[in-house]
Engineer: 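Dumping the structure here so I can ask a few things about it.
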Protein chains: 2
Amino acid sequence: MTAQRRGLGTNQEAVRRHNLGTVLRHVHGAGQISRAQLTALMGLNRSTIADLVLELASLGVVEQTVPTGVRSGAGRPSAGVRLAEVGPYVVAVDLGVDRAVVARVALGGDVIERATAPIPSGGGEAWQVGSTVAGLIRRVVEGAPAAAPLLGVGISVPGLVRRSDGLVRLAPNLEWRDVSFGSIVLAALGVDVPVQLANDADLGALAEHRRGAGVGIDDLIYISGNVGVGAGVITGGVRLEGAGGYAGEVGHLPFAPEGRLCHCGNVGCWETEVGAHAIAAAIGCPESDVVTLGDVLDEYAGPQRALGATGKALGYGLASIVNAFNPRLVVLGGYLSSLYALVRHEVDDALAERALPAPHESVTLSLPGLGSDSVLLGAAEIALEPLFADPVAALGTALVDVGARLAG
Amino acid sequence: MTAQRRGLGTNQEAVRRHNLGTVLRHVHGAGQISRAQLTALMGLNRSTIADLVLELASLGVVEQTVPTGVRSGAGRPSAGVRLAEVGPYVVAVDLGVDRAVVARVALGGDVIERATAPIPSGGGEAWQVGSTVAGLIRRVVEGAPAAAPLLGVGISVPGLVRRSDGLVRLAPNLEWRDVSFGSIVLAALGVDVPVQLANDADLGALAEHRRGAGVGIDDLIYISGNVGVGAGVITGGVRLEGAGGYAGEVGHLPFAPEGRLCHCGNVGCWETEVGAHAIAAAIGCPESDVVTLGDVLDEYAGPQRALGATGKALGYGLASIVNAFNPRLVVLGGYLSSLYALVRHEVDDALAERALPAPHESVTLSLPGLGSDSVLLGAAEIALEPLFADPVAALGTALVDVGARLAG
DNA sequence: CGCCTTTCGTCCATCCGAACAACAATCTCG
DNA sequence: CGAGATTGTTGTTCGGATGGACGAAAGGCG
């Protein structure tokens with residue numbers, strides 16, 4: 001359930017809000033679901049579910065269908081509930097270190113349209129990137145039906161993002177510090193829509209939890225390998241954010257006190273062993289290809305030995321993470337998924353060696369269920385969040401006829 | 001708000017349950033509160049609060065008082081709500097490595113009676129400890145009014161406790177492995193009451209969050225120094241448990257790869273630097289006094305230099321924890337509070353050196369607000385938890401006339 | 001000291017929304 | 001084809017939060 005401010009009482013509007021949001025969350029998650037399933041899942045009365053679905057349908061978010069062909073036992077077949085044909089959508093932005101990916105994502109998580117553009121290496125000025133992103137947003141929104149409402153924009157940033165206001169505190173690979181990127185994009189767009197920013201690893205975790213390898217798993221960690229290394233943590237089914245929103249910065253956990261100098265100023269951070277630069281050096285890959293290390297690794301045919309130590313370092317670091325957070329699943333994203341495919345054995349062994357037995361016995365390592373789209377879809381998910389918290393309010397303030405507004 | 005199973009709908013019984021529980025939680029937290037304050041805090045109507053308080057009073061949990069003397073401006077003074085004179089209580093058990101502390105704790109968190117007994121070094125057989133604990137429980141319960149209901153028993157264990165069923169997976173300093181200590185205590189008592197077990201650091205964190213140095217702070221970590229070192233994490237106001245309940249095992253984070261051998265089988269764990277045995281060795285304290293290291297440190301008058309390296313190691317380790325969890329507050333419990341008092345400077349400096357600026361700028365180190373009772377009071381808090389989740393049900397199944405039942 | 005204002009408790013009617021009961025609809029199975 | 005099972009639909013009930021009216025108990029002010 002949505003975490004409302006604790007200590008508060010529940011009034012009847014809150015009940016309705018929560019129930020409408022929960023129905024919508026289920027439809028969003030399953031794509032197609034019957035009213036009978038909803039009654040079972042939510043533990044409410046048939047009549048209540050019927051009423052909730054009716055209200056969502058009148059809001060134009062869902063549609064009721066004739067009973068679907070999939071039958072399951074005797075009895076009258078249940079009416080289906082699915083997302084509306086022309087329903088609300090969001091814009092998801094995945095800011096990488098060398099390119100920006102922007103997508104129009106429908107409620108339900110399908111990418112309808114997508115556009116990509118390179119980002120000057122070293123990030124460049126934030127306003128330039130913002131203008132590039134705004135152009136991509138215009139492009140993906142163009143084809144949207146005029147009647148479809150835009151709920152908001154979700155932006156993934158490879159760096160530390162302050163939770164309270166979305167300020168990018170530090171994005172080392174973009175060379176940004178204290179950049180209000182949300183405002184910059186909005187200014188370049190010339191419209192006012194809700195914008196949510198978050199760390200890339202956090203969003204990868206969210207997406208894998210909702211729609212990827214971690215569906216039904218309430219404690220998982222997504223490790224993003226994206227030049228730097230970060231972790232996004234889902235615990236008890238909710239994002240672990242910490243006081244400022246910076247939780248999960250595992251790239252600078254101490255690893256080898258006598259090791260290499262890290263850009264953070266310390267010596268021997270985990271990132272100096274499993275970061276993209278370290279791996280590139282290990283396999284003799286030129287510096288210029290570091291940003292596309294995943295592709296390089298996918299085609300790597302050199303000696304396994306070159307990566308053995310790296311795999312071991314990855315496993316040892318994961319052991320710390322497993323001990324600290326006790327996840328049921330660890331998803332290796334970015335170039336780490338390519339790396340894991342090459343040295344799975346070394347990683348698994350190192351993890352088993354260093355992790356405590358109790359947390360180790362229930363953990364699984366896995367590749368992303370969403371491929372390289374985890375982060376992008378996570379950005380869509382946070383943009384959808386207000387809709388699940390309060391469907392009526394979110395749809396009330398959503399923007400319609402977006403194509404025309406942005407073109408003008 | 002209490003985390004109910006996600007995905008569920010909210011029906012009207014759940015609303016009442018939640019609101020009753022929230023009122024009770026506020027009274028429990030504040031001790032004495034006016035109905036006007038409750039309306040403001042919970043955002044409900046005056047009439048609703050009156051009705052909720054009335055129901056709690058008829059359950060015998062709270063009492064209404066004439067308006068208290070503390071005035072605040074004009075207007076009719078508001079009736080007070082306080083805990084009932086003869087109200088429900090719980091038994092809290094803090095299992096240390098050398099002694100067990102048992103207390104009768106009233107709703108509201110006051111320790112009414114307390115009893116202590118030594119535990120044979122090395123823990124001894126679990127059933128022996130269970131019998132000792134049962135004896136202590138009998139003693140503290142004896143004086144309770146016959147009409148007062150016993151809600152349950154909360155037990156703190158220095159080790160890994162499985163969340164699902166409270167099994168003690170591993171308690172190294174008691175030399176226990178897979179011990180169902182809850183059942184053992186119940187069997188020795190001969191009655192059936194709800195029993196909750198949890199890790200000592202988790203309970204320290206809970207108590208400091210509810211009633212100690214972390215009141216109003218939703219992201220905090222309690223580091224327990226109790227021969228071994230563990231962390232309890234509160235994030236977003238709720239306990240971080242992880243998949244099995246083992247989250248927060250930071251004692252075995254890698255620290256010095258060329259360091260000492262740890263009892264977990266690895267080399268250079270943090271615990272080998274800041275664990276009780278390491279500190280005892282550093283200050284030349286005999287092995288037999290390791291279990292009371294806190295007292296030894298309080299009276300320590302030797303050279304500061306002996307502890308300088310330890311302080312630095314503590315700070316470096318805390319930096320990892322701050323980076324990983326981004327807490328607003330870190331409470332140093334057990335002997336670490338004594339240690340911190342001696343080498344505060346070294347710890348602070350080491351933390352500042354290794355932590356990332358963003359998470360570091362908002363974190364504070366502190367001593368426990370509850371002294372050495374944090375863990376004990378945390379055990380009381382988990383035993384109270386069912387009451388806040390559903391007051392009516394919890395009181396319905398509570399045990400009355402406990403003294404006679406246990407004596408017979 | 002009396003009056004006004006403010007704030008709160010109490011009592012009532014109201015309203016919202018979930019639950020329930022009864023009946024019709026539509027399937028499976030024998 | 002009939003019995004049983006499950007669901008949709010509709011009208012009603014009911015729990016519980018809400019809001020207004022009124023009185024009560026304070027403080028502030030002339």
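Throughout, a chain's letter reflects where its sequence line sits, starting with A, and its residues are numbered from 1.
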Engineer: Measure from the side-chain N and O atoms of B/Thr22 to the backbone N and O of B/His18, and report whether any donor-acceptor pair falls under 3.5 Å.
Structural biologist: yes

Engineer: Can you list the residues that meet the salt bridge (Lys or Arg N to Asp or Glu O under 4.0 Å) rule with A/Asp390, with sequence neighbours excluded?
Structural biologist: none

Engineer: I'd like to check the ring pair (Phe, Tyr, Trp, His ring centres under 6.0 Å) partners of A/His209; sequence neighbours left out, ordered by chain and number.
Structural biologist: none

Engineer: D/dT18 C1' sits how many Å from B/Asn19 CG, rounded?
Structural biologist: 13 Å

Engineer: Once you build an axis from the first five pairs and another from the last five of the helix from C/dC1-D/dG30 to C/dG30-D/dC1, how far apart in angle are they, to 10 degrees?
Structural biologist: 10°

Engineer: Return the minimal non-hydrogen interatomic distance between B/Gln196 and B/Pro386, and the atom names on each side.
Structural biologist: NE2-CG, 4.1 Å

Engineer: If you look at every strand shown and take non-hydrogen atoms under 4.0 Å, does B/Asp51 touch a base, only sugar-phosphate, or nothing?
Structural biologist: nothing

Engineer: Specify the closest pair of heavy atoms between B/Leu107 and B/Leu83, including all atoms of both residues, with the distance to one decimal.
Structural biologist: O-CD1, 3.0 Å

Engineer: Nucleotides 1-3 of chain C: which of its N/O atoms have a protein N/O under 3.5 Å away?
Structural biologist:
none

Engineer: Does A/Arg76 place a side-chain N or O at less than 4.0 Å from the phosphate oxygens OP1/OP2 of C/dT28?
Structural biologist: no

Engineer: Minimum heavy-atom separation for B/Ala247 to B/Asp202, with atom names?
Structural biologist: O-OD1, 4.2 Å

Engineer: If you assign A/Asn11 and A/Ala50 each to the DNA chain D nucleotide with the nearest heavy atom, which residue ends up on the more 5' nucleotide?
Structural biologist: A/Ala50

Engineer: Heavy atom of residues 26-46 of chain A under 4.0 Å from DNA chain C: which residues?
Structural biologist: A/Leu44, A/Asn45, A/Arg46

Engineer: Any salt bridge (Lys or Arg N to Asp or Glu O under 4.0 Å) pairs touching residues 47-61 of chain A, not counting sequence neighbours?
Structural biologist: A/Arg16-A/Asp51, A/Arg16-A/Glu55

Engineer: For A/Arg17 and A/Ala393, indicate whether the former's side chain and the latter's backbone hold a donor-acceptor pair under 3.5 Å.
Structural biologist: no

Engineer: Run the salt bridge (Lys or Arg N to Asp or Glu O under 4.0 Å) test against A/Asp110 and tell me which residues pass, sequence neighbours left out.
Structural biologist: none

Engineer: Only counting residues at least two apart or in another chain, list the ones meeting salt bridge (Lys or Arg N to Asp or Glu O under 4.0 Å) with A/Arg210.
Structural biologist: A/Glu381, A/Glu385

Engineer: For the pair made of CG in B/Leu54 and P in D/dA17, what is the distance, rounded to whole Å?
Structural biologist: 13 Å

Engineer: Any side-chain N or O of A/Thr48 less than 4.0 Å from the OP1 or OP2 oxygen of C/dG17?
Structural biologist: no

Engineer: Check side-chain contact (heavy atoms from CB on, under 4.5 Å) between B/Asp373 and all other residues, then give those that pass, not counting sequence neighbours.
Structural biologist: B/Arg114, B/Leu376, B/Leu377

Engineer: Which protein N or O atoms sit under 3.5 Å from an N or O of nucleotides 12-16 of chain C?
Structural biologist:
none

Engineer: How long is the line joining CD1 of A/Ile49 and C1' of D/dT9, in whole Å?
Structural biologist: 15 Å

Engineer: Nearest whole angstrom, please: distance from the P of D/dG16 to the CD of A/Glu13.
Structural biologist: 18 Å

Engineer: Listed by chain and number, what are the side-chain contact (heavy atoms from CB on, under 4.5 Å) partners of A/Thr65, not counting sequence neighbours?
Structural biologist: A/Gln32, A/Arg82

Engineer: Going by side-chain contact (heavy atoms from CB on, under 4.5 Å), name the residues that satisfy it together with B/Ala383, two or more places apart in sequence or in a different chain.
Structural biologist: B/Val90

